[in-house]
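Side chains included, hydrogens not; waters and symmetry mates left out as well; all remaining heavy atoms used. In the text below, chain A, chain B and the rest are named by the order of the sequence lines, each starting its count at 1.
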There are 2 protein chains.
Amino acid sequence: MKLLLRLKFLGTDFCGWQYQPNARTVQGTLTAAAREVFGTDCRITGCSRTDSGVHANDFAATLELPFADCPIPCARIPAAFAMRLPPDVSVTAASPVADDFHPRYTVLTKEYVYQILVSPVPDPFLYGRVWHYPKKLLPDAAARMNAVAAELVGRQDFASFMAAGSKITDTVRTVSDCRVQREGDLIILTIAADGFLYNMVRIIAGTLLLAGAGKLDRVGMRRIIDAKDRAAAGATAPPEGLYLNRVTYHE
Amino acid sequence: MKLLLRLKFLGTDFCGWQYQPNARTVQGTLTAAAREVFGTDCRITGCSRTDSGVHANDFAATLELPFADCPIPCARIPAAFAMRLPPDVSVTAASPVADDFHPRYTVLTKEYVYQILVSPVPDPFLYGRVWHYPKKLLPDAAARMNAVAAELVGRQDFASFMAAGSKITDTVRTVSDCRVQREGDLIILTIAADGFLYNMVRIIAGTLLLAGAGKLDRVGMRRIIDAKDRAAAGATAPPEGLYLNRVTYHE
């Protein structure tokens with residue numbers, strides 16, 4: 001049988017999601033814990049790869065059990081994993097899904113959040129959890145970034161926002177939501193789409209920051225999108241500000 | 001001249017505030033950074049000792065400079081320290097104070113916050129920052145704790161809430177505020193007083209939790225206070241949920 005797990009993880013000390021033989025990854029850590037919880041090897045498949053240092057408020061993964069029924073009530077699975085997982089990853093929920101359910105291919109939308117701390121001084125409680133940006137932005141930086149972010153909404157070719165060297169050829173995605181708000185010293189970008197290209201959110205964050213510095217307006221953003229060229233966009237923002245925030249599926 | 005510094009620190013990797021020759025402390029770390037910032041040794045005095053693992057949203061300390069005037073404008077001191085301090089401590093503000101100002105003896109009020117995460121599963125983003133309590137409390141736990149907390153407000157003898165073995169003899173303190181609220185899975189205790197006994201907030205947190213489990217009411221709390229005996233109160237809650245939240249001074 002197949003279970004859909006929901007996870008939360010602090011990405012700081014993980015080399016991303018994807019299993020690697022000699023590195024600490026979320027998939028590897030979860031696979032080892034599942035072996036203890038269920039007493040058997042289980043195949044675990046994630047909803048996306050994530051880079052080293054990237055976090056998840058809500059990551060989805062399937063777990064395939066070589067049993068017809070789950071030996072533990074689903075409601076108790078999070079607590080059973082809590083006893084076997086290290087403190088930087090938690091299983092928050094578990095539910096049965098159909099055998100043909102795939103956590104990556106059946107995604108309806110993914111929502112990411114990117115957090116930038118704009119302050120001359122870092123915040124000890126946010127270290128590794130935000131992009132600390134010590135230089136000055138314009139007083140209305142978030143509003144300017146929000147206006148420019150609106151250009152990204154819709155079904156378009158996002159080739160300008162894909163890491164150079166990626167092998168993906170279909171770079172058209174549908175962004176359903178892209179907005180920027182300010183909360184104290186934090187600038188928070190929220191972006192939802194049916195799928196994302198490699199480094200897409202981090203390149204968008206780095207590009208939108210130019211708007212916060214007064215160096216990019218909507219016309220400029222339109223030009224970047226139309227260029228379909230990575231070199232046209234801004235720098236790739238660092239991984240520590242990025243959170244996979246929500247994943248929704250087709251029924 | 002003397003400066004009053006405001007600090008923020010994540011206590012997890014510090015052996016508390018107080019300098020120790022062979023341990024990483026906030027005072028020791030700050031003293032080393034100050035030597036680099038000002039090019040000379042400076043005496044640094046804190047507003048309180050804090051235990052290993054205890055955090056501060058707003059800690060106050062004085063820094064004595066062997067100069068008549070500060071060689072750096074006060075507004076630039078936080079950024080100057082930011083370049084020399086590790087990521088778990090920040091100087092957030094600096095201002096000149098009179099030579100006879102003492103950060104401990106002139107305190108008007110100190111406010112502490114204690115955070116308890118009530119959830120069967122830990123939260124990776126709150127690890128080391130809350131007391132994770134995986135057992136069940138009553139649905140109205142925070143309201144019950146808040147009602148019992150009201151008994152602590154006022155000028156009274158808090159001997160029941162002082163760590164056994166402490167050498168302090170005057171155990172009367174004035175608690176000006178003591179309340180408990182719930183935010184999602186977090187139970188948050190806020191307590192302000194003119195001073196605190198050793199482990200007072202952590203013993204109060206451990207005692208109030210009994211109210212959240214239905215094992216203590218206002219009458220019981222009154223009995224604990226009147227006993228003036230550490231053995232009458234509840235367990236000492238762990239350090240990781242405790243934050244020095246605010247320190248105010250006589251003008």
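- Comparing B:Thr92, B:Asn57, B:Asp123, B:Leu126 by how many heavy-atom pairs each has under 4.5 Å with chain A, the most go to B:Asp123.
- Interface remark: B:Ala75 contributes no atoms to any contact with chain A (heavy atom separation under 4.5 Å).
- A donor-acceptor contact closer than 3.5 angstrom links the side chains of A:Asp51 and A:Tyr198.
- Options B:Pro86, B:Pro134, B:Pro87 differ in how many heavy-atom pairs under 4.5 Å they form with chain A, and the most are formed by B:Pro87.
- The shortest non-hydrogen separation linking A:Ala80 to A:Ile72 is CB-CD1, 4.5 Å.
- Per-residue heavy-atom pair counts under 4.5 Å with chain A were compared for B:Pro120, B:Ser90, B:Ala79, and the maximum is reached by B:Ser90.
- Note: B:His55 and B:Tyr243 have tilted aromatic rings, judged against thresholds of 30 and 60 degrees for the angle between ring planes.
- A distance of 6.0 Å or more separates the ring centres of B:Phe67 and B:Phe38.
- At a 4.5 Å heavy-atom cutoff, the contact between A:Ala56 and chain B is made by backbone atoms alone.
- The aromatic rings of A:Phe9 and A:Phe14 sit perpendicular to each other, their planes meeting at more than 60°, with 30° as the lower class boundary.
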